[in-house]
Participant: 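Encoded as structure tokens, here's the structure I'll be asking about.
Values below: all heavy atoms of this structure, side chains included; hydrogens, waters and symmetry mates excluded.
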Amino acid sequence: MLAGKAIHELHELLIKKEIRPQEIVEDIFKRIKQAEEKVKAYITLTEEMALKQAQEAENRLIKGENISFLTGIPLAIKDNICTNGIKTTCASKILADFIPPYDATVIKQLKAAGVVIIGKTNMDEFAMGSSTENSAIQITHNPWDLERVPGGSSGGSAAAVAADECIAALGSDTGGSIRQPASFCGVVGLKPTYGCVSRFGLVAFASSLDQIGPLTKDVTDAAILLTAIAGHDPNDSTSAPMKKEDYTQNLHKEVKKLRVGIVREAMIEGLASEVKTTVEHGIKVLSDLGAEVIEVSLPHLDYAVAVYYIIAPAEASSNLARYDGVKYGFRDKTAKNLFEMYCQTRSQGFGAEVKRRIMLGTYALSAGYYDAYYKKASQVRTLIKQDFLHAFEQCDFIITPVAPTPAFKIGEKVDDPLQMYLSDIFTIPINLAGLPAISLPAGLSKDGLPIGLQIIGPHFSEARLLQVAYQFEQALDFKEKPKLEED
Ligand code: GLN
């Protein structure tokens, strides 16, 4: 089945002319027809456009011009990344009919590389959530166990990759939304350094934390996708002034004299024993490869979730002010005056979680409270970042779990937002510090659910981070796949 292959495998077949891009697209849509009813990973499918793009990719391959690793490769895109002429809903009623008149920079880059876009994936509304249950459109099911969540907020992208409903996908990560669903669905997820990938055209949730990144079947594919989307973008004022880099080039080179840090404070209450043993086994794999294991301390780790739930909602409350029923998206038509129009549009257009965040954020930013909440949180954020910088003086990379548990059941945490928030304890600090981190499949629980391991690197260490991840992947040789057919 072509749909089950990785980008680099398909690329080999495409350049040898053993297959045509159209065949991959056809195989993907065949797979979608079998699996989508159960998984519900997509909000929008773009079959007609995909076939057209496959034809264009074939023309390039025949001419031998402009060929990249991604030419003719079908990808899925999270529905908060703007795609010209294709609905971009953020899984919200307020943007249910929004069709962007432009492409996000990452989409432009992917199109230039010759990709085929299969569709837009489901997510928690405006990327607020950890289970995809906050989508106003549908709940996505975990392909490993359909009664469980795929994680979130990029749950549709992770589930689509795991179920072979696309070859790879893009997600976005504000507090873990690429890495946690990657962990729950047994795929690779990379959150790049803040500023490494352009945010132009990514619908903003919390602008100082958001990053776009790849969800893929293996580390090589993550390096391929990052190579295509990373680099400076003058349209994004927070984009780093960095040169284009080929992250695939040194992937296979051994990393020598590696020092990996394990975090003293990571053994939190609520950490499932299976997650603990899987991560310990992962650390052993790295030490067998010759890495020195060092204990490091992140003394302010405990404050990360609290800090995040001030900063992210504060930024969200400001970013989401634009959905007022005037500029774009849904508008309540029954209102009798302007105030009612704003009020009714936003009351009906936003879901409960989004409203909760807007209220939290507006409160934290209001006069008289700003210094006590937002300013204090920003100060503690700096301390958390300094903890990491200090730890990286002693080690090259830090290993932690991705999430405290494997995928939980649909409905298990929806009524308990605090429990849901606490499950991001290992991913949130990375966004606060602006660091790159990758989630790698590291084993299965006794119930057959995937468990991820997180490798965190210093700022802009993506090339080496991917090298270490590749070595880990080769040594562990995790080959399990979800058995969707038997469900
Ligand atoms: N789960 C976290 C939240 O609800 C992170 C989401 C994300 O990374 N977009 O905010």
Side-chain angles (χ1 to χ4, degrees), residues 105-106 109 170-179 182 188-200 202 206-216 219-261 263 291 296 298 381-382 384-400 402 426-440 454-472:
T105 298
V106 291
Q109 287 163 316
L170 286 188
S172 69
D173 192 314
T174 306
S177 278
I178 291 174
R179 290 159 289 153
V188 173
L190 173 70
K191 188 214 78 88
T193 305
Y194 185 79
C196 177
V197 175
S198 167
R199 292 185 298 112
F200 181 75
L202 167 68
S207 309
S208 76
L209 302 160
D210 299 340
Q211 267 293 285
I212 295 173
L215 287 125
T216 56
V219 174
T220 306
D221 281 6
I224 290 173
L225 262 181
L226 186 68
T227 302
I229 61 174
H232 180 65
D233 178 12
N235 282 332
D236 171 2
S237 61
T238 59
S239 157
M242 53 189 271
K243 291 212 182 73
K244 269 274 181 208
E245 197 173 333
D246 183 351
Y247 296 98
T248 60
Q249 204 142 60
N250 294 323
L251 208 53
H252 309 93
K253 282 202 193 133
E254 195 189 329
V255 185
K256 296 222 171 76
K257 294 213 182 108
L258 186 66
R259 295 166 308 163
V260 297
V263 183
V296 295
L298 299 172
R381 178 180 187 174
T382 304
I384 293 170
K385 184 173 163 191
Q386 282 168 354
D387 281 356
F388 278 105
L389 297 182
H390 185 67
F392 284 129
E393 286 166 9
Q394 300 157 60
C395 65
D396 304 305
F397 295 97
I398 294 173
I399 313 288
T400 69
V402 180
F426 297 117
T427 48
I428 276 175
I430 317 311
N431 300 71
L432 291 172
L435 299 167
I438 193 164
S439 170
L440 300 168
Q454 176 169 245
I455 310 181
I456 308 156
H459 295 110
F460 299 104
S461 66
E462 278 80 353
R464 279 194 92 211
L465 177 64
L466 285 158
Q467 259 176 283
V468 176
Y470 180 80
Q471 274 185 3
F472 175 83

Participant: Under the side chain to side chain contact (heavy atoms under 4.5 Å, CB included) criterion, do L440 and V219 qualify, and how do the steps go?
Facilitator: CA-CA 8 Å; L440 300 168; V219 174; 3.6 Å; yes
Participant: For the pair D396 (side chain) and L258 (backbone), establish whether a donor and an acceptor sit closer than 3.5 Å, ignoring hydrogens and angles.
Facilitator: no
Participant: Is there a side-chain contact between V263 and V296 (heavy atoms, below 4.5 Å)?
Facilitator: yes
Participant: Are the side chain of K243 and the backbone of G231 linked by a donor-acceptor contact shorter than 3.5 Å?
Facilitator: no
Participant: Roughly how far, to the nearest 0.5 Å, is the CG atom of L226 from the CG atom of D221?
Facilitator: 12.5 Å
Participant: What heavy-atom pair brings A230 and Q109 nearest, and what distance separates the two atoms?
Facilitator: O-NE2, 4.0 Å
Participant: Which heavy atom of R381 sits nearest to which heavy atom of S208, and what is that distance?
Facilitator: NH1-OG, 2.9 Å
Participant: Does N250 use its side chain to pair, donor to acceptor, with the backbone of A463 at less than 3.5 Å?
Facilitator: no
Participant: Please name all residues satisfying side chain to side chain donor-acceptor pair (under 3.5 Å) with T216, sequence neighbours left out, ordered by chain then number.
Facilitator: none
Participant: Begin from the C-alpha positions of I384 and L298 and carry the test side chain to side chain contact (heavy atoms under 4.5 Å, CB included) through to its verdict.
Facilitator: CA-CA 7 Å; I384 293 170; L298 299 172; over 6 Å; no
Participant: So which heavy atom on G213 is nearest to which on I229, and how close?
Facilitator: CA-CD1, 4.4 Å
Participant: Which heavy atom of Q467 sits nearest a heavy atom of K253, and at what distance?
Facilitator: NE2-O, 3.0 Å
Participant: Should T238 and S207 count as side-chain neighbours, where that means a heavy-atom distance under 4.5 Å?
Facilitator: no
Participant: Roughly how far, to the nearest 0.5 Å, is CE of M242 from SG of C196?
Facilitator: 3.5 Å
Participant: Specify the closest pair of heavy atoms between A182 and V188, including all atoms of both residues, with the distance to one decimal.
Facilitator: CB-C, 4.0 Å
Participant: If we only count heavy atoms from C-beta on, is the S461 to F397 side-chain gap below 4.5 Å?
Facilitator: yes
Participant: Main chain of G175, side chain of T427: is a donor-acceptor contact present, judged purely on distance under 3.5 Å?
Facilitator: yes
Participant: Is there a donor-acceptor pair closer than 3.5 Å between any side-chain N or O of T227 and the backbone N or O of Y247?
Facilitator: yes
Participant: Within this structure, what is the OG1-CG distance for the pair T382 and D387, rounded to the nearest 0.5 Å?
Facilitator: 11.0 Å
Participant: Are more than 12 heavy atoms, taken from residues, nucleotides or ligands other than H252, located less than 6.0 Å from that residue's NE2 atom?
Facilitator: yes
Participant: So V106 and V197, do their side chains get closer than 4.5 Å, heavy atoms only?
Facilitator: yes
Participant: Are the side chain of R179 and the backbone N or O of A437 linked by a donor-acceptor pair below 3.5 Å?
Facilitator: no
Participant: Between D236 (side chain only) and R199 (backbone N and O only), is there a donor and an acceptor less than 3.5 Å apart?
Facilitator: yes
Participant: State, with a plain yes or no, whether a side-chain heavy atom of Q454 is found less than 4.5 Å away from one of I430.
Facilitator: yes
Participant: For a side-chain contact (heavy atoms from CB on, under 4.5 Å) with L435, tell me which candidate from I398, T193, I456 qualifies.
Facilitator: I456
Participant: About how many Å separate CD of E254 and CD of Q471, when rounded to the nearest 0.5 Å?
Facilitator: 5.5 Å
Participant: Rounded to the nearest 0.5 Å, what separation is found between the OG atom of S172 and the CG atom of L209?
Facilitator: 11.5 Å
Participant: Please give me the minimum heavy-atom distance between D173 and I178, naming the atom from each residue.
Facilitator: OD2-N, 3.1 Å
Participant: Find out whether H459 and L389 are in side-chain contact, i.e. whether some heavy atom of one side chain is under 4.5 Å from a heavy atom of the other.
Facilitator: yes
Participant: Can you confirm whether more than 12 heavy atoms, excluding those of K244, are under 6.0 Å from its NZ atom?
Facilitator: yes
